[in-house]
Amino acid sequence: MNDVLERLRAEASRAPEYEALLAAGPDGLAASLTESGRPLWARELAAYRLGLAGDRRAFEPLVLLLNHRDPPRCEAAAQALAVLGDPRTARAAAALATNELRTAYALHPVRLLTALRAPESAPALIRTLGRLLAPNDPYWRVALACVEGLGALADQRAREVLTRAQSHPRLAVAATAALRALDVSRRTPS
């Protein structure tokens, strides 16, 4: 949390609005999300604080930030969404992770799906990883996050795509570990 606040403080460049948003209560934060002319850092700060407080008024702004081109914003949004506990989060993260036009920004939605362990998580990771196994796909970090996530989820439906991932040099070690996790989960009684 401190890293996010320090990044936003630096972006605010000593604007008095930063301190006001730090001191604002939930209604003041929610109101700031709908005011026109607010800088991005201010909207992020308000949404982040609301999300960490479990206030569902933060959901839409956090999903927009999860899909942002700036990785630190995506990471902060993912953290807040994980805490928020809104039932729509997994569906939104799955939509972002599987969107072929936004693959460059899918890393944090993939990680969020893993953390959520929702019914949508494994199918979205399987679908995303399957698409990223094409030769010379530039999004290997997203593919690696999918492999690691599928290993953490230990969902048996991932076996085929993880087996295919073993043939990719950057994914082979993680895919083998994920397959081992699937084998262990199959032998472990629920």
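Keep in mind that the numbers below use all heavy atoms, side chains included, and drop hydrogens, waters and symmetry copies.
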Working for side-chain contact (heavy atoms from CB on, under 4.5 Å), residues Val4 and Leu45: CA-CA 9 Å; Val4 174; Leu45 178 57; over 6 Å; no
With sequence neighbours excluded, residues passing side chain to side chain contact (heavy atoms under 4.5 Å, CB included) with Thr34: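 Per chain and number, Thr34 pairs via side chain to side chain contact (heavy atoms under 4.5 Å, CB included) with no residue.
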Between Arg131 and Thr98: side-chain donor-acceptor atoms closer than 3.5 Å: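 The answer is no; no qualifying pair exists.
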Modelled atom types, side-chain donor and acceptor of Tyr18 and Glu11, under 3.5 Å: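 No, no side-chain donor-acceptor pair sits under 3.5 Å.
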For the hydrophobic clusters of this structure (ILVMFWY residues joined by side-chain heavy atoms under 4.5 Å, transitively), does one cluster hold both [X] and [Y]?
X: Leu162; Y: Tyr139; answer: yes
X: Leu22; Y: Leu40; answer: no
X: Leu8; Y: Leu65; answer: no
X: Leu182; Y: Ile126; answer: yes
X: Leu29; Y: Trp41; answer: yes

Glu44 and Arg7: CA distance, side-chain angles, deciding distance, salt bridge (Lys or Arg N to Asp or Glu O under 4.0 Å) verdict: CA-CA 11 Å; Glu44 181 181 355; Arg7 175 178 55 79; 2.5 Å; yes
Electrostatic pair Glu100-Arg127, nearest N-O below 4.0 angstrom: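 Here Glu100 does not pair with Arg127 in a salt bridge, since their nearest N and O are not under 4.0 Å apart.
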Short N-O contact, Arg180 and Asp183, less than 4.0 angstrom: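 No, no charged N to carboxylate O under 4.0 Å.
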[X] to [Y] - nearest heavy-atom pair and separation:
X: Ala24; Y: Arg49; answer: O-NH1, 3.0 Å
X: Pro61; Y: Ala47; answer: CB-CB, 3.8 Å
X: Leu52; Y: Ala80; answer: CD2-CA, 4.0 Å
X: Ala82; Y: Leu116; answer: CA-CD2, 4.4 Å
X: Gly54; Y: Leu84; answer: C-CD1, 3.6 Å
X: Ala122; Y: Leu150; answer: O-CD2, 3.9 Å

So [Y] and [X], do their side chains get closer than 4.5 Å, heavy atoms only?
X: Gln156; Y: Ser185; result: yes
X: Gln166; Y: Leu171; result: no
X: Leu125; Y: Asp155; result: no
X: Leu129; Y: Val142; result: no
X: Arg164; Y: Val161; result: yes
X: Arg157; Y: Pro123; result: yes
X: Thr114; Y: Glu148; result: no
X: Trp140; Y: Val147; result: no

Please answer whether the main-chain N or O of [Y] pairs with a side-chain N or O of [X] as donor and acceptor at a distance below 3.5 Å.
X: Arg102; Y: Asn67; result: yes
X: Arg73; Y: Leu66; result: no
X: His168; Y: Leu133; result: yes
X: Arg56; Y: Gly51; result: no

Spacing of His68 atom NE2 and Leu62 atom CG [to the nearest 0.5 Å]: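 Going from NE2 on His68 over to CG on Leu62, the span is 13.0 Å.
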Spacing of NE2 belonging to His108 relative to CD belonging to Glu75, to within rounding of 0.5 Å: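 Spacing of NE2 (His108) from CD (Glu75) equals 5.0 Å.
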Cationic tip of Arg88 above Phe59 ring, under 6.0 Å, 45° of axis: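 Geometry flag: set, cation within 6.0 Å and 45°.
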Criterion side-chain contact (heavy atoms from CB on, under 4.5 Å) on Leu107 and Arg111, from CA distance to verdict: CA-CA 6 Å; Leu107 181 63; Arg111 289 180 177 162; 3.8 Å; yes
Intermediate values then yes/no, salt bridge (Lys or Arg N to Asp or Glu O under 4.0 Å), Glu19 and Arg9: CA-CA 9 Å; Glu19 296 301 329; Arg9 181 187 308 274; 2.9 Å; yes
Candidate pair Arg57 and Asp86, rule salt bridge (Lys or Arg N to Asp or Glu O under 4.0 Å), full reasoning: CA-CA 10 Å; Arg57 292 176 288 184; Asp86 190 295; over 6 Å; no
Partners meeting side chain to side chain donor-acceptor pair (under 3.5 Å) with Arg170 (sequence neighbours left out):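 Here no residue qualifies.
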side-chain contact (heavy atoms from CB on, under 4.5 Å) evaluation trace for Leu132 with Thr128: CA-CA 6 Å; Leu132 297 177; Thr128 301; 3.9 Å; yes
From CA spacing to verdict: side-chain contact (heavy atoms from CB on, under 4.5 Å), Tyr105, Leu96: CA-CA 8 Å; Tyr105 312 110; Leu96 293 173; over 6 Å; no
